[in-house]
Amino acid sequence: MGRSTTARMLRGFYEAAYAAYGPRHWWPGDSPLEVMVGAVLTQNTNWTNVERAIANLKSNSLLDWHRLDRMSHGELADLIRPAGYFNVKARRLKSLAAWVVETFDGDLEAMFSLSTASLRERLLAVNGIGRETADSILLYAGGHVTFVVDAYTARILRRHGLIDEQADYEEIKALFEDNLPADEALFNEYHALLVEVGKRCCRPRNPRCAQCPLDEFPHDPTP
DNA sequence: TGCCAGGCCGGGT
DNA sequence: ACCCGGCATGGC
């Protein structure tokens with residue numbers, strides 16, 4: 001498929017999804033720190049479960065890098081239990097907190113003043129921060145212009161024939177970044193809209209929903 | 001009831 | 001370079 005065709009489809013997806021669902025107001029979270037914590041907690045997990053975990057941290061005044069760094073694994077795991085994988089995620093949050101404290105003394109402005117490429121690389125080196133989490137942190141906590149890819153994104157693009165079955169994360173990310181204007185607000189809204197489309201009508205067992213905003217685009221209903 | 005949710009890591013081929 | 005099992009709660 002030609003480059004301009006791809007660009008047109010990606011733009012069309014966005015317009016159709018935005019017309020259907022409007023602005024998503026992402027990321028839900030009161031501060032960059034809270035967004036970062038949420039990005040770890042939501043790994044393969046429903047957001048409503050994450051909200052309970054964050055509420056627990058908040059009510060104990062634990063949305064603080066130094067406190068997260070110092071507190072015990074067990075206490076943290078217990079508080080984030082509703083988010084699932086609580087032992088894994090407690091370890092990951094403490095890895096992130098330790099890194100932020102040791103490297104930036106908890107100063108996120110200093111952290112986000114790094115270049116996108118260099119910060120991404122350094123986030124990926126933190127245990128528990130993979131590509132989606134790193135990109136979510138960069139875009140939604142730091143305002144960096146980087147596209148976030150998730151399972152929904154891959155499934156939607158696959159079903160509409162824009163990528164092949166085995167396209168990997170970086171390839172899908174590049175598809176957006178190479179075919180859209182580098183605009184933070186656009187990347188922010190686009191990813192959030194893809195999640196909304198995915199939740200409503202692009203689930204694994206629901207190859208074609210009744211009111212899909214992307215129905216006007218060529219569609220292959222294979223999972 | 002089983003399936004699914006805004007992944008990632010580590011070990012095995 | 002892939003492939004897979006493990007991790008866990010809560011909603012529908």
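Lettering follows sequence order; numbering is per chain, from 1.
The phosphate of B:dG7 (OP1 or OP2) has no side-chain N or O of A:Y169 nearer than 4.0 angstrom.
A:R131 comes within contact range of the sugar-phosphate backbone alone, with a heavy-atom separation under 4.0 Å but no base atom that close. As judged by a 4.0 angstrom heavy-atom cut-off over every strand, A:I129 is placed among residues touching the sugar-phosphate backbone only. A:D150 comes within 4.0 angstrom of the backbone, heavy atoms only, and of no base. Among the atoms of the strands shown, only primed sugar atoms or phosphate atoms (P, OP1, OP2) are found under 4.0 Å from some heavy atom of A:A151.
Counting heavy atoms from C-beta on, the side chains of A:K94 and A:L76 come closer than 4.5 Å. For the pair A:T6 and A:F176, the minimum side-chain heavy-atom distance is 4.5 Å or more.
If you find the closest nucleotide of DNA chain B to A:Y140 and to A:V126, the one lying nearer the 5' end belongs to A:Y140. The residue among A:T48 and A:N44 whose nearest nucleotide of DNA chain C is located toward the 5' end is A:N44.
As a whole-Å value, the separation of A:L124 CG from B:dG7 P is 16 Å. Rounded to whole Å, atom P of B:dG7 lies 13 Å from atom CG of A:N49.
For DNA chain C, the contact window with chain A, defined by any atom under 4.0 Å from a protein heavy atom, covers C:dC7 to C:dG11 in 5' to 3' order.
For C:dG5 and B:dC3, the P atoms lie 15 Å apart once the distance is rounded to whole Å. Nucleotides B:dC8 and C:dG10 are separated by 22 Å at their P atoms, to the nearest Å.
For A:F104 and A:W99, the distance between ring centers is under 6.0 angstrom.
Atoms CE and CG, on A:M9 and A:L175 in that order, are 10.0 Å from each other to the nearest 0.5 Å.
For the segment residues 70-89 of chain A, the set of residues with a heavy atom within less than 4.0 Å of an atom of DNA chain C comprises A:R81, A:P82, A:G84, A:Y85, A:F86, A:N87, A:V88, in numerical order.
Nucleotide C:dA8 has no partner under the Watson-Crick or G-U criteria, as no pair reaches both atom distances under 3.5 Å.
Side chains of A:Y169 and A:D135: a donor-acceptor N/O pair is present below 3.5 angstrom, by distance only. No donor-acceptor contact under 3.5 angstrom links the side chains of A:T153 and A:K173, judged on distance only.
In summary, A:E189 and A:R24 do not engage in a salt bridge, as defined by a charged side-chain N under 4.0 Å from a carboxylate O. A salt bridge is defined here as a Lys NZ or Arg NE, NH1 or NH2 lying under 4.0 Å from an Asp or Glu carboxylate O, and A:E170 with A:R120 meets this definition.
When each of A:T146, A:L138, A:L180 is paired with A:F187, the side-chain contact (heavy atoms from CB on, under 4.5 Å) condition holds for A:L180 and for no other.
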